[in-house]
Enquirer: 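Handing you this structure, nothing more for now.
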Amino acid sequence: QHTRLFESGESYDVDYQEISEILELVRDSNPRLITAYTAVKSSSGDPNELIFVVEAEEDVLGEPYTSTSPEMIQAFDGPIADASLRTDEYGTTLSGYAPIMDEAGNTVAIVGVDMDASDILTMQRSVRTVSIVVFLITFAGVFAAATVTSGAITKSLTRITDAARDLENDQPYNPTLLDDLAAGKDEIGILAHVFDEMAEKVYKRQEKLKQEVAALRIEIDQAKREKQVSDIVETDFFKDLKAKSTAMRKSNAEEEKKK
């Protein structure tokens, strides 16, 4: 019936009247509904262009409409509703759609209903206003609490900072320095506990490194001395002196034999 009506292009014939009356019943069933209508895909090649066929009150047969709603196009595959409010020349609405199928189960058109979204916008504005007021009240409370507690937090952070500065300047680290802060269960206590463990490990590592550097210096000095002796032994002067000493010992030994 719907396909026959669209193909005939005749407004207000029997088919048009029957479909229009059904759409009027759908619209009147909910006072928030603005209108109900049917539409088919356009043959223009534009995937977003539809052709209106029947509307609950007005004669819209053959009127083209470029949809800004992806859900409206997806309705040819199954029932769906707009994911967000939609604003066009007909106003701000929230719409739902469903496919119209022929006897063979093929989708030939869609039926859509538009709900007035002005009350939704009013509700959104009210929620936004209340949210802003709640935020301001919460912010004021947090600011007041922060002002009261900031002094204690600053002192605790200063102690941790001073301990870090001493560690940086290679000063001996006292493991019990932050015990009272580390005993706390709040964020400052956790920070002090983590810093205390880190500082103790860093201090032990520094001490170990100092010992390794001292041992390395001894090895380097020993290597230098050996290198210096080696350099002396390898000189021509030393080799000549060694040869003369050997010849002298040999000569003395021969003279002793002759006696």
Side-chain angles (χ1 to χ4, degrees), residues 1-140:
Q1 183 183 20
H2 189 274
T3 302
R4 185 171 61 249
L5 169 63
F6 176 69
E7 291 176 348
S8 70
E10 295 293 332
S11 302
Y12 296 107
D13 63 4
V14 176
D15 291 334
Y16 192 98
Q17 290 293 339
E18 289 183 359
I19 297 174
S20 179
E21 288 175 1
I22 294 173
L23 294 178
E24 286 183 18
L25 289 174
V26 173
R27 181 200 60 189
D28 295 341
S29 66
N30 190 328
R32 297 175 64 186
L33 295 181
I34 301 174
T35 186
Y37 50 85
T38 64
V40 298
K41 290 182 178 180
S42 171
S43 59
S44 66
D46 184 351
N48 295 318
E49 185 175 88
L50 303 176
I51 303 297
F52 283 125
V53 181
V54 184
E55 201 263 342
E57 283 187 359
E58 299 181 5
D59 178 10
V60 295
L61 181 59
E63 289 187 10
Y65 174 72
T66 300
S67 174
T68 58
S69 167
E71 290 82 9
M72 191 175 190
I73 305 302
Q74 295 169 16
F76 285 90
D77 298 323
I80 195 171
D82 285 339
S84 59
L85 301 183
R86 179 167 55 91
T87 301
D88 56 17
E89 62 268 29
Y90 300 102
T92 300
T93 58
L94 185 65
S95 303
Y97 317 94
I100 299 174
M101 298 181 179
D102 60 16
E103 294 179 353
N106 299 315
T107 300
V108 296
I110 61 169
V111 59
V113 292
D114 293 346
M115 182 178 67
D116 183 12
S118 59
D119 55 343
I120 297 177
L121 292 175
T122 300
M123 185 180 298
Q124 287 179 340
R125 285 193 290 266
S126 298
V127 171
R128 188 179 300 113
T129 301
V130 172
S131 299
I132 292 174
V133 172
V134 171
F135 170 77
L136 291 176
I137 293 174
T138 303
F139 179 79

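Owing to the predicted nature of the structure, the values given are computational and were not obtained by experimental measurement. We're numbering straight along the sequence, starting at 1. All values below come from the heavy atoms of this structure, side chains included, with hydrogens, waters and symmetry mates left out.
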Enquirer: Would you sort out whether D82 and Y97 count as a side-chain contact (heavy atoms from CB on, under 4.5 Å), showing the intermediate values?
Expert: CA-CA 8 Å; D82 285 339; Y97 317 94; 3.2 Å; yes
Enquirer: Heavy atoms only: give me the nearest V40-A109 pair and the separation to one decimal.
Expert: CG1-CB, 3.6 Å
Enquirer: With a 4.5 Å cut-off on side-chain heavy atoms, are I110 and M72 touching?
Expert: yes
Enquirer: Closest approach of R27 and I34, non-hydrogen atoms and distance?
Expert: CD-O, 3.3 Å
Enquirer: Quick check against the 3.5 Å criterion: does S20 have a side-chain atom that pairs as donor or acceptor with the backbone of A56?
Expert: yes
Enquirer: Distance from E55 atom CD to E63 atom CD, nearest 0.5 Å?
Expert: 9.0 Å
Enquirer: P99 and P79: which non-hydrogen atoms are nearest, and at how many Å?
Expert: CD-N, 3.6 Å
Enquirer: Not counting sequence neighbours, which residues clear side chain to side chain contact (heavy atoms under 4.5 Å, CB included) with I73? List them please.
Expert: N48, L50, S67
Enquirer: Looking at A39 and F76, what are the two nearest heavy atoms and their distance?
Expert: O-CZ, 4.2 Å
Enquirer: Going by side chain to side chain donor-acceptor pair (under 3.5 Å), name the pairs with one or both residues in residues 71-81, residues two or more places apart or in two chains.
Expert: S69-E71
Enquirer: To the nearest 0.5 Å, tell me how far Y65 OH sits from I51 CD1.
Expert: 12.5 Å
Enquirer: So do the side chains of M101 and T107 get within less than 4.5 Å of each other, counting heavy atoms only?
Expert: yes
Enquirer: In Å, rounded to the nearest 0.5 Å, how long is the span from CD1 of I100 to CD1 of I19?
Expert: 7.0 Å
Enquirer: Would you find a donor on one side and an acceptor on the other, under 3.5 Å apart, between the side chain of T38 and the backbone of V54?
Expert: yes
Enquirer: So, the side chain of S42 versus the backbone of S44: is there a donor-acceptor pair under 3.5 Å, distance only?
Expert: yes
Enquirer: Hey, what do you get for CE (M115) to CG (L33), rounding to the nearest 0.5 Å?
Expert: 7.5 Å
Enquirer: Distance from Q17 atom CD to E24 atom CD, nearest 0.5 Å?
Expert: 8.5 Å
